[in-house]
K.L.:
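Below are the structure tokens for one structure; questions will follow.
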Amino acid sequence: MSSQLYDVALEDRPPEAVAQQGGVLESWYRQYRQALLLQIQGQVKHRHIAEELLHETFIRLSRMPALDTIRQVKPFIHKVASNVTVDYLRSRQRAPETESDDVLQEWASDDPEALECIAQQREIDCLRAAIEQLPPRSKETLLLARFREMPLREVARELGISQTMVEKHLKTHCKNAAMRY
């Protein structure tokens, strides 16, 4: 269920139901805090991040309607914490590392052309990294077909494979590279 639906569900509930849910959450927080913190910290390795994710867990729980109807609280709350942690770890895989002050200073330029040039260079660097992660045959296929602009028939002849295989390399592996890019 999306968080928008949770927000709508909370808005439709009477204030006393929301207050009752707050008491349930407070009780759960006291009861499960330490175990959840250990679980999360085991996955992220940093206590301060684990604390933030623990708080995010309870924020998500606060958005869920009818918490008092949950019969198996411990597995439920641990699953929510696990989902929050997995979401965080996935976002870290997609997000670039923190940039140095020099790079941030470059972005602070008032010149729009300089910003565009920096953005283009970053895109090129990301694309280059995605291409480097391709299997060797797919990388070679991509370079011949797209950068040397060879027809697929000639790429197939050059690599000693069928044109169908060339198309398959381009479609499968290059699509994956584009998704990473």
Side-chain angles (χ1 to χ4, degrees), residues 1-109 115 118-135 138-139 172-181:
M1 190 181 285
S2 74
S3 64
Q4 292 172 343
L5 292 177
Y6 291 136
D7 293 341
V8 170
L10 285 176
E11 290 171 6
D12 292 342
R13 294 174 40 213
E16 52 275 355
V18 173
Q20 180 183 2
Q21 182 166 319
V24 169
L25 285 174
E26 188 175 320
S27 169
W28 288 358
Y29 186 83
R30 281 193 301 268
Q31 186 175 358
Y32 298 107
R33 180 189 185 285
Q34 195 60 37
L36 290 170
L37 190 58
L38 289 173
Q39 171 190 332
I40 296 168
Q41 193 171 351
Q43 292 176 297
V44 297
K45 309 294 185 232
H46 299 288
R47 184 168 178 86
H48 69 280
I49 293 172
E51 289 276 357
E52 290 295 324
L53 294 174
L54 176 67
H55 289 252
E56 178 62 29
T57 298
F58 279 89
I59 289 170
R60 279 198 192 173
L61 287 168
S62 73
R63 293 179 180 155
M64 294 180 184
L67 289 178
D68 54 338
T69 62
I70 295 170
R71 293 183 183 187
Q72 295 182 329
V73 173
K74 185 176 180 179
F76 177 78
I77 200 168
H78 279 272
K79 184 64 176 174
V80 172
S82 178
N83 290 344
V84 167
T85 305
V86 167
D87 290 349
Y88 167 78
L89 293 172
R90 284 182 182 153
S91 73
R92 292 291 298 160
Q93 287 176 345
R94 285 182 293 221
E97 293 296 316
T98 305
E99 300 178 310
S100 69
D101 290 339
D102 296 336
V103 174
L104 293 175
Q105 190 62 32
E106 288 179 39
W107 281 95
S109 171
L115 280 177
I118 293 168
Q120 288 174 352
Q121 185 59 46
R122 289 195 170 257
E123 285 184 29
I124 291 168
D125 293 343
C126 288
L127 185 57
R128 186 173 284 135
I131 291 171
E132 286 301 317
Q133 292 178 357
L134 288 173
S138 296
K139 186 187 321 181
T172 305
H173 296 295
C174 297
K175 187 184 289 184
N176 291 342
M179 287 172 57
R180 283 191 296 263
Y181 166 67

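Note that the structure is predicted; figures quoted are calculated from it, not measured. What you see below is based on every heavy atom in this structure, not just the backbone, and it leaves out hydrogens, waters and symmetry mates.
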K.L.:
With Glu51, which of His46, Arg33, Gln41 fulfils side-chain hydrogen bond (donor to acceptor under 3.5 Å, both in side chains)?
P.N.:
Arg33
K.L.:
Verify side-chain contact (heavy atoms from CB on, under 4.5 Å) between Asn83 and Arg60, making sure each step is shown before the conclusion.
P.N.:
CA-CA 10 Å; Asn83 290 344; Arg60 279 198 192 173; 4.1 Å; yes
K.L.:
To the nearest 0.5 Å, what is the distance between CD (Gln34) and OH (Tyr29)?
P.N.:
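These two atoms lie 10.0 Å from each other.
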K.L.:
Could you tell me the separation between the CD atom of Gln31 and the CD1 atom of Ile77, rounded to the nearest 0.5 Å?
P.N.:
8.5 Å
K.L.:
Suppose we screen for salt bridge (charged side-chain N to carboxylate O under 4.0 Å, His left out). Which residues come up paired with Arg30, at least two apart in sequence or across chains?
P.N.:
Glu26
K.L.:
Answer whether the closest heavy-atom distance between the side chains of Ile70 and Val24 falls below 4.5 Å.
P.N.:
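No - every pair of side-chain heavy atoms lies 4.5 Å or more apart.
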K.L.:
List the atom of Leu36, the atom of Ala81, and the distance in Å for their closest heavy-atom pair.
P.N.:
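Closest approach of Leu36 to Ala81: CD2-CB, 3.7 Å.
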K.L.:
Sub-3.5 Å donor-acceptor pair from the side chain of Ser82 to the main-chain atoms of His78, do we have one?
P.N.:
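Flag not set: sc Ser82 to bb His78 has no pair under 3.5 Å.
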K.L.:
Would you check if Ile59 and Glu56 make a side-chain contact, meaning some heavy-atom pair closer than 4.5 Å?
P.N.:
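Sidechains of Glu56 and Ile59: in contact.
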K.L.:
Could you go through Gln39 and Thr57, starting from their C-alpha distance and side-chain angles, then the distance that decides it, and tell me whether this counts as side-chain contact (heavy atoms from CB on, under 4.5 Å)?
P.N.:
CA-CA 12 Å; Gln39 171 190 332; Thr57 298; over 6 Å; no
K.L.:
In Å and rounded to the nearest 0.5 Å, what is the CD1 to CZ distance from Ile40 to Arg47?
P.N.:
11.0 Å
K.L.:
Of all the heavy-atom pairs spanning Phe58 and Leu25, show the shortest one and how long it is.
P.N.:
CE2-O, 3.8 Å
K.L.:
Any idea which heavy atoms bring Thr85 and Gln43 closest together, and the distance?
P.N.:
CG2-OE1, 3.3 Å
K.L.:
Looking at every non-hydrogen atom in both residues, tell me the closest pair between Val84 and Leu53 and how far apart they are.
P.N.:
CG1-O, 3.7 Å
